[in-house]
Trainee: 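Have a look at the structure that comes next, please.
All values below come from the heavy atoms of this structure, side chains included, with hydrogens, waters and symmetry mates left out.
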Amino acid sequence: MDSFVAKVLSCLGVPKALTDASEPGTIIKVSVESASTFPSILLGGSDATSQAEVSMWLSFAIKNFIDLEKSGLQLLSEAMKNLDSVLLTKSYFVGHKYTVADAAIYNYLAGAQIENIITFTNVARWFDNIQHIFRKFDKNLELKSFPKKTNLISCFQFTPSTTSSASATNAVTSDTKDKVVVDKTKSVAVEDKKSKSAKLPPPPTSEVNAPIASSPAAVVTAEPVDTSKLDPSKLDIRCGKVVKCWNHPESDKLLCEEVDVGDGAGVTRNIASGIRAHYTAEEFQGKMVVVLCNLKERAIAGFKSQGMVLCTANKEHTEVKLLEPPASAKVGDRITFPGFAGEVATPAQMVKKKILEGLLPDLKTNEQGVASWQTIPFTVGDSGVVISAMPNSNIS
């Protein structure tokens, strides 16, 4: 890991680590702040969302580099597949200029063979561009030589938003300085995926965690799901701690919990979770959990539940695992989705606009077990990302 840190810093013109900290991400950030000519830009500028994105991608690269050292190159292909979709409409991972995020991911992917890189058009285009930028700072950097027939398409600058790639393409005006060339095959694939997802029926109610619906006293007419306006930042997902847990007296499937999600000193929420077959009350009590908070209160087997503890499960629901916040996360820390900064929906809006139903099909863990919406990780400030012991699983 020391060599990884050194290479990341070298790419950014920082000759050596300038702190005695032990955590790689902290070493890189502190060293860049201390020695770089443009530390603010490299760390995401003054925008809090961009800073969070840089931190998220840095954590992603560090975690995957560690896994790479343990298990070899087989994880690289799946990682590049995910990164390729992220880079479809981007020149850099965060904003309009290269950042620490690009340096970290570049050094994570540097061990891949050129034959593997060129399989992913957008990664190849980004990689070739970024390696020449970093060569200006590190003259010892070995450039990968791309075959002449490689389609290293150019890409317009793109600020992450909820706009689809097709809409973003149409928004580029004719006076754009650089010629815009979009990989039509990729764009069609994205649009096709969206059109298919729009036709999916609402997800079935899970026995593990049933979405909280409106109470009979406050009926809200639901609107059809508009998949073009999906925004995961509408979800109020927070880190919480189970301060008390007991078996539901009338249901052998339910655990009842009091969970502190940061609503205020001494304030807890009552939540019912259908995971009694997988966790005992004693195991559950005291755990840090991930809670969806902006759901309508609902009586489950007579117990008023005010949220949903998020878990992963296999298709048969024979195996269930809790989502795990980063070790340094605190009670009340909100999960964010870099690139999305919308306002949290009210419980009534969640029901009327079917927000959870629209987002739920794409809430999953990736191959590394990182909780994500589509390819965007559940991010907790500078603490890192939310994970699960069950990779490639649905979240509910």
Side-chain angles (χ1 to χ4, degrees), residues 8 11-13 32 36-47 49-58 60-61 79-110 112 114 117-138 141 143-144 146 150-191 337-341 374-377:
V8 171
C11 285
L12 300 171
V32 167
S36 173
T37 307
F38 307 105
S40 177
I41 294 174
L42 293 177
L43 294 173
S46 59
D47 178 62
T49 300
S50 296
Q51 293 172 7
E53 284 188 76
V54 170
S55 296
M56 181 270 291
W57 286 119
L58 180 57
F60 168 87
M80 284 194 283
K81 179 180 178 181
N82 293 332
L83 295 174
D84 197 63
S85 63
V86 173
L87 289 167
L88 175 61
T89 51
K90 291 185 175 185
S91 292
Y92 305 103
F93 279 94
V94 181
H96 301 294
K97 295 182 180 296
Y98 65 90
T99 64
V100 165
D102 296 282
I105 295 175
Y106 166 78
N107 281 284
Y108 161 54
L109 297 180
I114 193 69
I117 294 176
I118 62 176
T119 302
F120 303 98
T121 306
N122 302 307
V123 170
R125 177 255 306 156
W126 166 84
F127 192 99
D128 188 53
N129 175 51
I130 209 72
Q131 70 172 348
H132 284 89
I133 291 175
F134 292 153
R135 180 64 180 276
K136 297 175 183 177
F137 298 101
D138 183 0
L141 188 69
L143 298 178
K144 288 188 181 292
F146 285 81
T150 303
N151 180 24
L152 300 176
I153 60 172
S154 60
C155 180
F156 54 87
Q157 303 293 346
F158 178 79
T159 301
S161 69
T162 55
T163 307
S164 69
S165 60
S167 299
T169 303
N170 294 333
V172 179
T173 58
S174 58
D175 61 350
T176 302
K177 183 177 180 180
D178 298 321
K179 181 181 179 182
V180 177
V181 183
V182 179
D183 187 332
K184 294 182 179 179
T185 303
K186 295 282 185 181
S187 297
V188 171
V190 171
E191 293 304 318
F337 299 86
F340 292 86
Q374 296 184 355
T375 60
I376 304 172

Trainee: Give, for atom CD of Glu53 and atom CG of Leu58, the distance between the pair rounded to the nearest 0.5 Å.
Mentor: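 If we round to the nearest 0.5 Å, Glu53:CD and Leu58:CG are 13.5 Å apart.
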Trainee: Among all residues two or more places apart in sequence or in another chain, which pass the ring pair (Phe, Tyr, Trp, His ring centres under 6.0 Å) test with Trp57?
Mentor: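 Ring pair (Phe, Tyr, Trp, His ring centres under 6.0 Å) check on Trp57 returns Phe60, Phe93.
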Trainee: I need the Leu12 CG to Asp102 CG distance, nearest 0.5 Å.
Mentor: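 Reported to 0.5 Å precision, the distance equals 9.0 Å.
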Trainee: Quick one: pull up CD in Gln131 and CG in Leu143 and give me the separation to the nearest 0.5 Å.
Mentor: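 Output value for this atom pair is 4.5 Å.
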Trainee: Looking only at non-hydrogen atoms, find the nearest pair between Asp84 and Val123 and report the distance.
Mentor: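 Closest approach of Asp84 to Val123: OD1-N, 3.0 Å.
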Trainee: Can you see which heavy atom on Pro377 is nearest to which on Pro338, and at what distance?
Mentor: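 Reported closest heavy-atom pair: O-CD, 3.9 Å.
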Trainee: Who pairs with Asn107 by side chain to side chain contact (heavy atoms under 4.5 Å, CB included), at least two apart in sequence or on another chain?
Mentor: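 Expected list: Phe4, Lys7, Val8, Cys11.
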Trainee: Distance check, rounded to the nearest 0.5 Å: Ile133 atom CD1 versus Asn129 atom CG?
Mentor: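 The CD1 atom of Ile133 sits 4.5 Å away from the CG atom of Asn129.
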Trainee: Can you measure from CZ (Phe127) to CD1 (Ile117) and round to the nearest 0.5 angstrom?
Mentor: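 CD1 of Ile117 is found 4.0 Å from CZ of Phe127.
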Trainee: As an exercise, state the distance from CD1 of Ile105 to CD1 of Ile130, rounded to the nearest 0.5 Å.
Mentor: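 Rounded to the nearest 0.5 Å, the CD1-CD1 separation comes out at 10.0 Å.
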Trainee: Residues in side chain to side chain contact (heavy atoms under 4.5 Å, CB included) with Val54, at least two apart?
Mentor: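 Counting only residues at least two positions away or on another chain, Val54 forms a side chain to side chain contact (heavy atoms under 4.5 Å, CB included) with Val94, Thr99, Val100.
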Trainee: Short question: side chain of Lys97, backbone of Tyr92 - any donor-acceptor pair under 3.5 Å?
Mentor: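 A pair under 3.5 Å: no.
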Trainee: Go through Phe120 and Leu87 one step at a time and tell me if the side-chain contact (heavy atoms from CB on, under 4.5 Å) criterion holds.
Mentor: CA-CA 10 Å; Phe120 303 98; Leu87 289 167; over 6 Å; no
